[in-house]
2 protein chains.
Amino acid sequence: MNEHVHASADLTKNQALVMGALTRSDSPLSAYTILDQLRDDGFRAPLQVYRALDKLVEFGMVHRLESLNAFVACRHPRCDDHETVVFMICETCSRVQELSDDVLANRVAFLADEARFALKNTTVELRGICRSCQAA
Amino acid sequence: MNEHVHASADLTKNQALVMGALTRSDSPLSAYTILDQLRDDGFRAPLQVYRALDKLVEFGMVHRLESLNAFVACRHPRCDDHETVVFMICETCSRVQELSDDVLANRVAFLADEARFALKNTTVELRGICRSCQAA
DNA sequence: CGAGATTGCGTTACTTTATAACGTGTGCAA
DNA sequence: TTGCACACGTTATAAAGTAACGCAATCTCG
Ligand SMILES: [Zn+2]
Ligand SMILES: [Zn+2]
Ligand SMILES: [Zn+2]
Ligand SMILES: [Zn+2]
């Protein structure tokens with residue numbers, strides 16, 4: 001059983017609405033942008049969004065981009081290994097590519113180990129220009 | 001000439017004050033904490049802090065921790081290679097260890113290259129418990 | 001030298017991001 | 001049925017960051 005796979009049925013109404021907004025978007029959304037998009041669905045206050053986001057992040061269905069204060073739906077090709085994920089954030093089109101890499105993950109684990117650092121969570125965010133934006 | 005080494009003489013008064021506050025601290029400081037610490041030195045508004053921080057980050061003397069919305073003085077053992085730096089952030093004592101690692105940096109560069117992503121900036125932040133806090 | 005540009009600085013007001021605190025309703029289990 | 005867990009709604013507030021204005025000191029180059 002894969003712990004971070006949740007059918008829509010598992011989600012509450014608010015969680016499903018927030019998840020829907022993120023899934024529809026092809027770039028990260030701030031909590032307040034989500035709030036604005038969901039006004040017609042009855043959303044009124046930031047907490048409604050933040051509470052749903054907290055759960056979705058906990059489920060592994062959404063990632064928070066620390067350097068952007070924004071959120072993306074998980075687009076992992078394979079849904080395992082959410083330990084060490086790399087985000088490539090395009091500063092031109094603001095689209096985000098998500099990937100996981102064992103070599104990188106292992107190196108991070110090694111460095112932590114070497115420093116006797118009990119690793120709980122890894123953030124890797126790359127800023128730059130994506131392939132298609134370079135063409136232009 | 002090493003571009004990010006700046007003698008105190010190079011800094012303006014405000015930059016020196018902010019740098020001093022960060023250097024004295026053994027953990028990251030938010031801009032507003034710095035502001036409070038510098039009230040007696042004449043600081044009144046957030047912008048005074050942010051403007052100094054912008055420059056210090058540009059000089060490479062200060063790093064921004066994205067996952068903390070906070071800032072640390074650079075404590076690089078060797079002052080080169082500010083391209084890819086790893087921060088280990090202790091969630092217990094909130095101290096931060098900074099290190100650079102060529103293997104990790106190369107892997108990041110490789111992944112970016114492979115995706116034809118023009119890499120400008122890399123953020124790697126590890127959350128966990130530091131060595132000395134585990135002992136306790 | 002002096003006109004124009006650049007840079008740092010100070011202040012007010014403001015925007016964006018995130019939480020605290022309190023109360024409601026629903027389902028479920030002892 | 002009573003107690004608990006949990007999602008939800010609302011108001012207010014905290015924390016982080018920026019826009020816009022103007023002033024003064026320092027380059028810089030004709
Ligand atoms: Zn993912
Ligand atoms: Zn792009
Ligand atoms: Zn450094
Ligand atoms: Zn610690």
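Below, chains carry the letters A, B, ... as their sequence lines are ordered, and counting in each starts from 1.
- Judged by distance alone, with hydrogens and angles left aside, the side-chain atoms of Glu125(B) form a donor-acceptor pair with the main-chain N or O of Ser67(B) at under 3.5 Å.
- Proximity of the aromatic rings of His63(B) and Phe71(B) is defined here by a centroid distance below 6.0 angstrom, and this criterion is not met.
- Out of dA16(D), dT11(C), dA18(C), the shortest distance to the side chain of Tyr50(A) is found at dA18(C).
- Distance, Ile34(B) CD1 to dA15(D) P: 16 Å, rounded to whole Å.
- Judged by distance alone, with hydrogens and angles left aside, Arg51(A) brings a side-chain donor or acceptor within reach of the base of dG9(D), the pair sitting under 3.5 Å.
- With respect to Arg75(B) and Glu98(B), no salt bridge is recorded, no charged nitrogen being found less than 4.0 Å from a carboxylate O.
- Taking atom CG of Leu56(B) as the reference point, atom C1' of dG8(C) lies 13 Å away to the nearest angstrom.
- In this structure, the CZ atom of Arg39(A) is 11 Å from the P atom of dT10(D), given to the nearest Å.
- Contact of the Val103(B) side chain with the Arg107(B) side chain is not registered, since no non-hydrogen atoms from C-beta on lie closer than 4.5 Å.
- Distances shown here put a side-chain N or O of Arg64(A) below 4.0 Å from the OP1 or OP2 atom of dA18(C).
- Taking only side-chain nitrogens and oxygens, Thr12(A) never comes nearer than 4.0 Å to OP1 or OP2 of dA7(D).
- Looking at Gln134(A), its side chain does come within 3.5 Å of a backbone N or O of Ile129(A) through a donor-acceptor pair.
- Of all nucleotides listed (dA7(D), dT11(C), dT10(D)), dT11(C) comes nearest to the side chain of Arg44(B).
- Each of Asn69(B) and Lys55(B) lies near DNA chain C, and the nucleotide nearest Lys55(B) is the one positioned closer to the 5' end.
- Phe43(A) places its CZ atom 7 Å from the P atom of dG9(D), with the value rounded to the nearest Å.
- Positionally, the nearest nucleotide of DNA chain D for Gln15(A) lies more toward the 5' end than for the other of Ala31(B) and Gln15(A).
- One interatomic measurement links the two molecules: CD of Glu66(A) to C1' of dA18(C), which rounds to 13 Å at whole-angstrom precision.
- Atom CG of Leu47(B) is separated from atom P of dG8(C) by 14 Å (rounded to the nearest Å).
- Spacing between atom CG of Leu68(A) and atom P of dG17(D) amounts to 13 Å, rounded to whole angstrom units.
- Side chain of Ser30(A), nearest nucleotide from dT10(D), dG9(D), dT17(C): dT17(C).
- Between Gln48(A) atom CD and dC8(D) atom C1' there is a gap of 7 Å when expressed in whole angstrom units.
- In this pair, Tyr32(A) does not lay its aromatic ring on the base of dT16(C); centres under 5.5 Å and planes under 30 degrees do not both hold.
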